[in-house]
Structure formats: C-alpha cells, structure tokens
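Computed over heavy atoms, backbone and side chain alike; hydrogens, waters and symmetry mates excluded. Residue numbers start from 1 in every chain, and the chains themselves are labelled A, B, ... in the order their sequence lines are given, proteins ahead of strands.
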Amino acid sequence: MIMRRLLPVIVTSFVTLSPFAADRAPCPVPAALHNDNYCDDLVNGCDEPKTSACSMVKRASTFACDASVTGEPHLLPASRVGDTICDCCDGSDEAPGTCPNTCESLQEEYLNDAFQWYEDVTVGKERRDAAMAEAQAILGGWQVEMNKIEASVSAHRSLLTKLRKLRAIEERKEGWENFWWLREKRRRSVGRTRLCQGEREGEEEESVAAPEMPESETEPSAEGEKDSNDMDAELADEGEDQEGVPSEGAGVLHRVRVSLPALEAEEDPLLHAMRATIATDERRSLSLQAYLDSDMAASATAQAASTLKTALAAWEPAEVLELNLQALGALILGPFYMLSWALRLCQNELWEALGKLTSGDKKRHVQQGFDRGLEGKVETFETALSPGLKGKLEWALDAITQGPILALALARPETIADAPERLEAALLRFAVNQLEGQCEEEVGRVEELREWMEYPGYSAEEGDEKVYVTWRDTCFEKSEKTFDYKVCPFHEVKQDHVLVGRWAAWIKREDGQGVAEGAGPVMFFSEGQQCWNGPKRSAVVQLWCGLEEQLVEVSEPTVCVYDFVLMTPLACTEAVLAQAEERLRNLGIKLPKDEPSGENVDRIKHDEF
Amino acid sequence: MASMGWFRAPFASRPSFPKSDASLLSSPVRKSTSRNVLALGRLTTAFVMISSVCQRTTTVAVDRSKFRKCADTGFCKEFRDVVPGALPRFRVDAASLKHDEHAGFLGGQLLSSDANAKALNFSLQFYNDGTSRLKIKECDPLRERWEPPDVVIEESLDPTAIRVDTSKSDGSLHVEFANDKLLRVQLDPFQVDLLVGGVPALTVNKGGLLHFQAYRAKKDKANAGSGGEESGQKIEEEVVDKHGGKKIVGYWEDGLAIYEDGSREEKPSAEEEAAEARRLQEAAAADEDKWEEYFGGHTDSRPHGPASVGIDVRFPGAEHLYGLPEHASSFRLKTTKGPNAQYAEPFRLYNLDVFEYELDEPMALYGSIPFVASHTAALSAGVFLFNPSETFVDVEAGSGHGDGYQTHWMSECGVLDLFLLPGPTPRAVAKQMTALTGTQALPPLFSLGYHQCRWNYKDEKDVAQVHGKFEELDFPYDVLWLDIEHTDGKRYFTWDQGVFPDPVSMQDSLAAQGRKMVTIIDPHIKRDDNFAIHSEATAKGLYVKDKFGADFDGFCWPGQSSYLDFTDAGVRRWWAERFALDKYTGSTSNLYTWNDMNEPSVFNGPEVSMQKDCRNLAGVEHREWHNLYGMYMQRATAEGLTLRDPKGLERPFVLSRAFYAGSQRFGAIWTGDNKAAWEHLQVAAPMLLSINLAGLSFSGADVGGFFQDTDAELMTRWMQAGAFQPFFRGHAHHDTKRKEPWVYGEPTTSRIRAAVMARYTLLPYWYTTFYIAYAEGLPVMRPLWMEYPTEKATFDMDDQWLIGQDLLVKPVTTAGATSLSVYFPQGLWYDIETLSSISGPATRTVPAPLEKIPVYQRGGSIIPRKMRLRRSSSLMTHDPFTLVVAMNAKGLAEGLVYMDDEHTLKHEKAGEFVLRKVTLADGMLRNVRQGGAEDRPFRNQVERIVVLGWKAKPKAVTLSVSEQGGAEKQATTQRSLEFMYDAKKRVLTIRKPEVMLDEDWTIGLR
C-alpha cells in the first residue's frame, strides 16, 4: 500500500477556493460588464469569474473549468486563467486551440482511482471495526484486573500496619541490645588494653581509650573481626559462609539468612512472604507466620517496656555521661559527614579536589567509612526525609530512644557495624519491606490501569472509541539509508538509540493537509534529545488510511524535526469512507448501500466500462 | 536493600551532563521505593546545579580575535597615526612636467624630502564627464607593480581636452576641463585641488599623508626568501600543538578545527591568545626589515617586503560622507579618527567570510568597493581608489564647522590610482562612478521576482513539496534554490544521486510553470582525483599556487580543496565551459548559479581566507588581487551561463557573496550570513544603500535572516522590506526551523503573500528602473538626497529610500510597531494602496499595522504595473499594463516604461527593446517612443489608467491613436473611453482603453 497519491486535477486547487457566490454578497457590477477581462470589483473580484482580470484582488475570484472529471466543479485560482499553462483537462482556462483535451484519459484514471480507493477504504474500515472490538476487550480486561488487585490491596494494607508497629517495637529492642553489646565489647577491649599496656597509665587510660578504638577495630579485616571479641567469634564462621559476600565491612545484615519457599502459581505473594523464614544460624530461625502465631507478637509491647526498664536500671551514671558526650560529639561531627556525602555526589570534580586537600591516609579513611556500615546512616536519613507528621513523630521517638546509638553509629560507624541483628527485628524489616514493595506495586498497577482506562488519548477524534488502545504495546519500525526508526505510539520515537521524542499529544493537521483524502489524525512526540547546537528533537507522525499498518516515510523537513507517515486501517474512519463514497456518487455511480437491490459495486464498475 | 540501590545510582554515573541525564532515567529505580524516588529527585536537583557550574558557557558572536585590526597590520599600524609632517614631503619637479592638452594629460615626477627616497611618477588624466584620475607609481621600480587590466573599463573612458595654465604665481598650475572644472596642482608640497564651478570639491594630499613604500632589496640575508619560509614553517608547526595531537579532519566556517573523534577545537582563551600574540610579536620584532608579518598563527612571508601606498583626500565643506561598502554600519559614514571618533578602528576593505558578523562595526565583510561620496546641499563629489589590495580608510571630521571631512586611504600594495568624481549632483557622482567600472547588467526579469532558498532542500520530494505549497497557496515565486547539500560530497557540478536522482525532470517540472532553479557552485574544488573538475584543473595547472609553488590546498566545505585562479582569463574560459549543458550533468537552461564563499573563504587560512603569499598563475601574489577574486569568479560563471546558449544571447543570473567595484556587470550580490534579528533587518537598508550608491544595484539581504529562527512578525516585516529591495530572496540556515512563507499559518501567510504580490504588480516598474541603472548608471535603490539634494533632513536618513525616482519606501523594522514616522520630501506623495496623498516636505506618522507596507508614489510620476497575479514573472509577459499616473501640484506627470523579451541580450546586441515615455500635461496623456526599436513586437495592452489627484470629473475621455508610423497626425482614429471618477479620493480611472503600450497615442481628458 503506497501513500495516497492525489491526482493532478486536485493538486492545482487553491486551498481557500470556493465557488463564486457561495459565500459572497451579490456582485454589485452590472451583468453586462461581467467577464469582459476588466476587473471592476476591486474588493471581491466578483465580476470576472472567467478571466484572470481579478486575480490580484485580495479575495480573488475563481475560475471553473468547463469540464471536470471528478463530478464536482474543477476550480482554479483566477491567476491560472490565460497563463499559457493548461490546467483544465479541456483547456477551457486558455485561449481556444492552446491545449489538447485530456479529459477522457484523465476521467478513466480518476474513476479507476476512485474505485480502488473506495475498495481499499472499505476493507480498511472493516479492519478498524475489528480493532475497535479488540480495544473494548482490552479495556474490559483491565477493569477485571483492577477489581481483583484492589481487593487484595486492602488486606495487605491492614497487615502492613500491624507489622510496622511490631517492627518499631522490635527495632527499639534491638537498639538496646546493640547498646548492651557495644558496652560489653568496649569493656572487654578496654580491659585488654589495660592488660597490654600494663599498670603505667592506670585509670586515666579508660577515658582516653574510649573514643578511639583499638587498631584492630579501625582497620576491620577478616582477621581483625575474628580476634576482636568472643561475640564476633561466635558468628564468625557464619560470616565466612556467606556466598560471594565479602565479610569485610559487609555488616551484620549479611549474617541473617532469608529463605523463601518456592512460589507456586496463583499463590498470593502475601502468603509467600508469610512463609519466608529468617535465620541467624542453624539454632535460631523464625518465620513470620510463626512469629505472628506465637505470643511473641502479643507480648512485644510489654516486653519493650520491661527491656527499657532493665536497661536503664543496669546503666551506670558514668556510662550515661559518656554516652551523652559521644552523642554530642556525633552531633558536631554530623555536618562533616553530610559534607562528605556531598563530596560523593559530585565525586569526579569535588572528590578530587578533596583528595588534593587531604593527605592520602585520611582520604582512604573517609573512603572506607563510606564503603561499609552505611545502612544505619542511610536509614536515619531516609526516615528524616520521609514526609508526614506521623513519620516524623516515629522518627522523633526513635531519636529519643535510640538517638545516642544512632549518633554513635554515625560518628563511629566501625563501632556499631558488627553488632548482631535481632532476629525478630530483621524478620519484621524483611517482611515489611516485602509487603511494602508488594503493596506499592499493587497500588501502582491500579493507578496505572486507571490511568490507562481513563486516558483520553486512545481516541484521536470523536468516534474512535479508544481504538488506539490496541497500539499500547506496539511499535512501528522503518530502516532508512543510515538509520533505523522506531515509532512507539503513546511512548516514544527513536532514531537508532537517539530519543527523537516522547509522546506528547494528538495535534491538528497543518493547513491544507486536510484536503487530501484518507488523512488521519497526527501524533506529536516532543522533548527528544537535544541536537548539537540546536533544539530538542521532536517528531510528527501522520496517520493515513491504508490497508496495512506500516511506517512508510520518514523525513526531517527542519533540522531535528522529524515527520513520519504511518499507514493504518485505524485511520480508515467512517468519514474517510463517506468521502470515498461521495467521490463515486459525484461520478454518478450508485453504491450498493444506495440501492435496495444491493447490487455489487464491482458489477457497476464493470458495467460502466 | 533498596537503600543501596538509590544510594548507588547517582554515583554510578559521571556528572558529564547529557550522559548522566540518560543514565538517571535508565537506572533501575524500582517503583516500590517511592520515598527513594523523592530523595533521588532531590539528589538530581543538586546534581544538575553542580554539573551546570562545571560546564563551559559558549556565546554566539563573531570571533573578533580571528580578524586583524589596524594594529595587527604592518602598513596600517605604521601609517595610520602618523603625526602631520612626520612623513617625507613630496614636491613636483617642475622640470619634469609635461602635458598634452588635446589628450587631456598632465604628468611629471614627485621628489621626496627624504633624500634617500626614489622619485615617483605622477600622471593626471582628464575625462569627458569631469572625472580626473591621479596615478602615482615608482619611477624606476625594482619590480613592476601589478595593475588589473579589466576592472576599470579603460576603453570606455573618454579623455577630454584640457587647458593648462602654468602662469600662476602661487606655485601651482591650473587645469581647466569639462566646462566648469578646475584642477589646481600645487607643486610644493604636492597637493591637488578640484574645484567645480569655483567651489572646492576635493583636495588631495593636503594632510601630507601621501606615502609610497618603494620595493627594496632585502638586506644582508643571502637566502632571504628561504629564510622567511623556514621561520614561517616553524611557527606553523608550533601552532599544530594547540590541537593536542588530535587528528584534524576538517574545519568549520568559524575557522575552528574538527577532529577525527568528532570533537571540535575550543576557542582559545584570552590568555592563550595573548601569549600567542606575544610570541608572534617577538618573532616579528626579530625581523627588523618588517619583511614578514604574523597573525593568528599564520605567517605572511611577504617575499617582496612592505610596499604599501597611501594618501589623504579632503572633502571641503562636506559633513556627510557615504560609501565604503561593505560594512554593517550606518549609511552615513561614521568617523574613525579625531577627538570624537565614533569607531576606534578604520574602515577595512578586505573581502572576508565573517562568521556571525556583528553590527555597527567598521570590520571588513564579504565585499569591498573603495569608494566614498560626499554630499552637501550645494555639491556632491566622490573618490574611487582603484586598488584591490587590502585597504584601510580613516574618516575624520574637520576641526571646525564647514571644515569638511578628511579621509585617509592606506593600501597594502599596488599603485595609487585615484579617481576624482566632481559631481556636482548626487546623480552625476553615481553616473561618474559607474562610467569607470560599468553599469548594472540588465537582469533577466525572473531574477527580480521572489527567490525561495534554504540550506537545504533535501531531496527532489522536498523540492516538489515546497513548490507544491506555493502552487497550492497561489503564491507567486520565480526561483527555487539548492545549497551545498545537493551535491555529491560538495563536488560542485554534481548531484547527490541518492536524493537528486533526476535533476532534469525536477527542473523541468519547475520550468513548466515558468520557474527556475539555482544551484550553488563555490570556488573551492574538492581535492579528489576521481572528481573530473579537480583532476582536469590539476592536470592543466589551473589552481592558485601556495608560496612554494604547489597547488594551494585549504579546507572548506568538501575538506581539502584547491582554488581555481579566476584572475586568469584562460581559467575563466575553462570554468565557463564547465557550465555547458552537456558538461554540467543534470543541468538545464533553466538552471542558474550561486557563487558563495568566494572571498575566498578558507576555513584554516588566515582570517578564514587564503595566505597572502599565494600566487596566481601569472605569479602575482594573492595580496594584490584578493578583493577581485570573487568578482572574477562571478564573471567567469556569468560568461559560462551565457555560453550555454548556442547564440550566446541568454542573460546570465549569478549571485555572488564577494564583490568589488564592477561586480554589477556580472550579476547580483547579497549581504551574506545575517541573523534573524530586528537589528539585522534594520541594517540591511543602510548596507544596500551604500552598495547601490557604489554602483552595485542588484543587491539584497537574506529575507528572514540566515542564522536563528524567525518569528511571524519579523518574517512579515522582513518580507515587506525585502519586497522593496532590489534582490529579494528568503534564505535560512539548516539549523533553523523552516521559514517558508506558510509555516507561520494565517494570517501571516496572507500578509507575506500580499507583500510578494505587491512586488509582482510593480515588476514593470522594477524592470524599467533596472534598465535605467543599466543605461544611465543610476542606482535602483537610492537615498532620498539623491533626488532631493537640498533637503538636509534626508542626509542622515537610511531607514527609508527611493526605488528609482518615483517610489518612496519606509518599511517597518521594529517589533510591535503599529505606526511609524515617514519623511516626505518636497511634492505630493500618494500611498500606493489607499491612493490618499500627502504633501511634503513633511514628517508624518502613518498607521502601520502588520499588513501595511508604507510605500508612496511621487506626485509627477507615472508608474507601469501589471495588476494580474501569476505563478511566476514569465507568465506575466503578455499581461496588460495598468498605468498609475500620479499628478503633481501643477497637474503634470511623466514616466518611462521599458520593454524587451525579458531574458536575452538582444536588447543590447540587436536593439530589440522599446522605451516608452508617457506624459500628462494640460489634460493630455501622451505615449511616445523614447528609444529602442521602431517595429512593435510587444503587444501588451493597457487595461487601465489610474490618474491620482484629478480634481473634477471630466466630461469626456477621448483616445487618439495615430496610424502606422505615427509621425504625423494625418491618420488618427478617435474613440471615447469609459471612465470612473471617485470625487472623494480624486481618482480618475480610465477603463479598458484597449490600446497597446507600445504604440503612440494620446488621451484627452476634458
């Protein structure tokens, strides 16, 4: 199917032509002066429809050829009359004897063309009707899917609320556990320092040693971790067992294993998550289902209170003071960490600049700080950034109860990095993450479906009934001399890997294009990649009625503005068909639908010739 | 661990901007972490800010550093600011004086006050039209100075008899010639004064700035020439380092290199340039003889050393000077010297391809005409320094009122050949100027229509669509243009077969409606052995040579290119033959030519041109003929187009960018690569007025502006202005949006169409005006003071002009204007649209909504028009005329109508033309033959006569046509004519007189 070609008889018409007197006031010039090759009406040029005399007036008169092959008057701008060029097939626009009469052959060509076109459009229209049915099916399918997901979302949401509460409780417990663990660890290491350094420094040593950790801690390595303390040793073999995960700086999260049961078809992902088991080692493992079933969940709140109490009771005043001093230090150090974050953001320029300012050792230290133990920091920032009053209140609660620990973690990531994870907390974190992901995916899908179903763009014009929804996942491709083009409706247009434009909207056809038969709507894609020294690329995709769906032409009329021609039966609308029928009727052909007998068009055509 | 995901994503990508943008979009950000997306958004913002700081900023403007200033140029630096009296004085050696009164000649020797300086020969030649010529050369030159033989048309200059009076006691001799002209030659110090009717018009060397650097032998260095070359090479080698070892694969029009990896040379920073300049200056300082010159990384070996010439010319009493095209400056010359100088630099004349030129500058542009005219209410005069080498001109106001203006001319080499044009009227000056280098060739009529151009119409389909759109809109145009991309790899005379497989059919389909096509043919020939033009030019040795004698090899659009020596008549002949229809494959007789880049533009040359020490085939250095190169090329091309016709009678049409005095003989020029900005629309008028005044009438500016996008209002106004400028072409750079007349939609398309239609209705008048330019040497586009020399208000005016004598044009050239102020000179003026009249001298504010073009017909004129729209001008050939008779206050009017076949040289070679004169006096409108053939091949009817300013309804209008021969009234037929009278507008319209324009008749109005 080639692009609709228009016969020369139509091309020569001036777009604003209208038969004289169709839209104009009566001609004030006496009839005797009409067509005397002198323009008397210099405003509307009404008196010279048969000559070129009024061609220069603003609303030039039009000339009608004596003969026409289309069944409609063949109109010419007055400028074409008597200019030695034969525009009318019978030569009536030129002096007698100037032009050969070409009406007969042209008539035949035109009639054949009209028939062919009518047949093509009829088939195209049928294909369009089929596509419309398909479109309705797609829309219906979306509705079903949406209903289903909406039902499951509400169930997931209520469970999620519950799990979040439990997670908060378990995390607080975990915080205190970590603190105890840290306290214990420091006691031991301080004790060992004393042992190593002998009695010379005595009691003063403790306060000095506290902020700066022993060598083995600042340069954490596999060996350092192993020999650092018993608590670590207890888990050391687990850490090494992790496949492909380096134990150095990987943090305790890696010591928690998650095992997921195989997902069966049709299974609710929620069930799947519930059955997931989380384990610290062979001895201790827990599934969410088990946790929720046991009274652990029920008693979690009470336990939290008692843990806090126990913890506070166990504290020594000196420790509280030290802890607060450390927290204060962390607050002071915090901004510098923020700065180093910023450095990471523009690392190629600014990081190098910092590298020039700092000595090699410090630089490495800063670098290492980022390479490990970051999860805690990230969580903190994330929480602080999360919107909503509730989120901020939760964060505030955490800040009060766990603030010192988090602050310490921020200031000295290496000290807290190895603290063991509380199994229940890890389990709930995992479960909440899973569920949140699940929920958001579901909500996203619902939103997406709703957007699609309500999207008006699937109808380009009235009567389309969203037929273009059938193109949602379709792309049309065309290879030109040097480039491969890809047009994905409602998505994007690409030239090889260059983005030519993203879907913007349906636009109106430019002036004059509407004259052509079979012209469909026009897609516009904008905001493509910027041209070198030029504008952002954009594309216009003109739809034309045709039997096959095919990208037939690509051009770049202006630099970086692409023009595509896409043939498709979807553009073979009722109006196009009516136009094709009208053309035949103008030629005096009776169409099957016009005749009660339902005679075949082919037969009429046959009879005509 | 989604947190890791968002944390890593921005880090993973480098912050070089376009890349990071893409990778951010493509990074696997999961929808499930909406909080992270939020954070990511913030990070991205920070990211954008940081990286935009890291990016370099670029500006769009001319790269001034690339072009020489006076201080960078040895001869200008040495002689511009010379203190009065510091130069050696010249005196006439009375013993050497000789003269020939009959032949109009006077000559002798000039002796310098510098005892070591050689004597100079001076000669004065006097011509019939009052022009006198002062020529100064060395007496006994080391080597002969080059003078182009064919720019000033010597054979058409008509020497006049003179009377020499040597009896004066004031140490001077007087030459009386051409009625009231007197040339006073003061012997010591040498000074020449021209008096017209006793009034001083021009004074030469009053400032004592005459200098003449005689050729001298190079000191002590035995191998002087090769020494220069070595050091030159050294410097050029060092310069290569600035490309950081990257391989250069080409250069762009801005003169910066394009590398193999696709990157482009960065503009050097100010410090780098300063360092470079210092280095070069040191190198130059080492050269005591000033034998070589260095600029912008290039060395000019200057094998013959400095040889500049200079002189001062005073215009006593004049305050208004004009001329020195081409500069993007006001029509009236601004001052470049003296306490209140408006420019710091002198006007420079050196044809250059200036990328993105700026306005209000004395910088050199594409063309040069060393011509200055002065004008006062009493007297006009002019000078033309016939020297095609690089020339600087200083303009300085005299110290007191009425002191006049002084100009100081400095040329790099050649002889001092100064023409003094005595006027005394502006028209006389214009005629005297064109008498020297030729008048405007009469263009084929089609070339006065609208031209549609773009870089580039991509393929045959694109051409068909653009053409089709004109057809569809019933929009007249005559020529569709193809820029460089139509060729096969910028090999001119070829077609890109992929996109133009059938150029003949394409041209034929345009020609079927009377349209033409123009293709571009540039002077740089791609150095490709498989390209016939190149291999033949190489084999025949037709290229300009570099200083080593090899074919010059420079970069331009096709990459490595060589340049034909168009200064050589043999090369021009060879070139002309390339246009034969059987040699230029795919050409037809409806194809015409555009010569661009012919300054010549060389992307990697000094100042984007050719090294001055290149040589033509005759061994003459490029510096000598630089400003002529473009004209010689246009000439060769025009000759080629004429040769295509077996009878050699078809008129050529060639558009050139470079020009010199005399280019008017070979075609049209345009003002080069302007910009879509209101200021560029405004500057087009002063530039064109200046070019027209210097004799080159067929000139225009790219309508709509070449660079950058044009909005609807600017395009409308530019089309309106362009329709009333001699050469009318819409053009656009390939990086711009389409600018064809319809892209702005309605109502803009209709407004633009109306402007173009106005042009077409006036084509008979344009054609007649061009004929007058051809026949009489008067410019087509004239300043008001040329016709109203005593109206001082017009002396500074360059935003309104006259077409010929009878149409006053003042287009709107500012954004958002709805009215504008128009100056109307003495007399009555009729709005050509509303027909209402205004009486001058007066300044009036007239309404100027977007559809209005303020154009007025002079009371006292008769303008021929053709009021029928056609697709193209050639389809109007047989259309009837409308005569618009605009009466002056005395009820008189007259006008000329020129007619010929509109496309051949038969008007010139066989006298096949007719010039009719129509006059209205005493209620009688008479049409008589003023010139041309007596038989009447032009059978166009007069369909309408409109008389403007007719005071009362006539009782009858009677036509009398004299029969065959028409010498006597014995056999006349009389007929009364229909007419209409509009008492309110005082417009009498005679309906269908049914007479031919080319026959004698009289119409009586009673």
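The choice from A/Asn37, A/Leu499, A/Thr84 that makes the most heavy-atom pairs within less than 4.5 Å of chain B is A/Asn37. Among the candidates A/Val559, A/Val561, A/Val443, the residue making the largest number of heavy-atom pairs closer than 4.5 Å to chain B is A/Val559. Taking B/Glu943, B/Met980, B/Lys992 one by one and counting their heavy-atom pairs under 4.5 Å with chain A, the maximum is reached by B/Lys992. Across B/Thr736, B/Val466, B/Asp462, the residue that shares the most heavy-atom pairs under 4.5 angstrom with chain A is B/Thr736.
Minimum heavy-atom separation, B/Ile990 to A/Tyr38: O-OH, 4.3 Å. Scanning both residues, B/Leu869 and A/Ser79, for their nearest heavy atoms gives O-CB, 3.0 Å. Summarising the geometry of B/Glu471 relative to A/Arg80, their closest heavy-atom pair is O-NH2, 2.7 Å, with the distance given to 0.1 Å.
Residue A/Ser52 touches chain B through both its backbone and its side chain, counting heavy-atom pairs closer than 4.5 Å. Using a 4.5 Å cut-off between heavy atoms, B/Ala512 touches chain A through its backbone atoms (N, CA, C, O) alone. For chain B, the nearby part of A/Val81 is the backbone; its heavy atoms alone come within less than 4.5 Å. Using a 4.5 Å cut-off between heavy atoms, B/Lys739 makes no contact with chain A at all. The contact between A/Leu33 and chain B is made by backbone and side chain atoms together, counting heavy-atom distances below 4.5 Å. With a 4.5 Å cut-off on non-hydrogen atoms, A/Asp40 touches chain B through its side chain but not through its backbone. With a 4.5 angstrom heavy-atom cutoff, A/Glu556 touches chain B via backbone and side-chain atoms both.
Across B/Arg944, B/Arg991, B/Met867, a single residue satisfies side chain to side chain contact (heavy atoms under 4.5 Å, CB included) together with A/Cys39, and that is B/Arg944.
In this structure, the disulfide bond (SG atoms under 2.5 Å apart) partners of A/Cys86, at least two apart in sequence or on a different chain, are A/Cys99. Every residue two or more places apart in sequence or in another chain was checked for a salt bridge (Lys or Arg N to Asp or Glu O under 4.0 Å) with B/Arg454, and none qualifies.
The neighbour count for B/His878 NE2, taken as heavy atoms of other residues, nucleotides or ligands under 6.0 Å away, does not exceed 12.
Atom OG1 of residue B/Thr989 and atom CG of residue A/Leu42 lie 8.0 Å apart, to the nearest 0.5 angstrom.
Distance alone, capped at 3.5 Å, places no donor-acceptor pair between the B/Arg868 side chain and the A/Ser55 backbone.
The side-chain heavy atoms of A/Ile85 and B/Arg871, taken from C-beta on, include a pair separated by under 4.5 Å.
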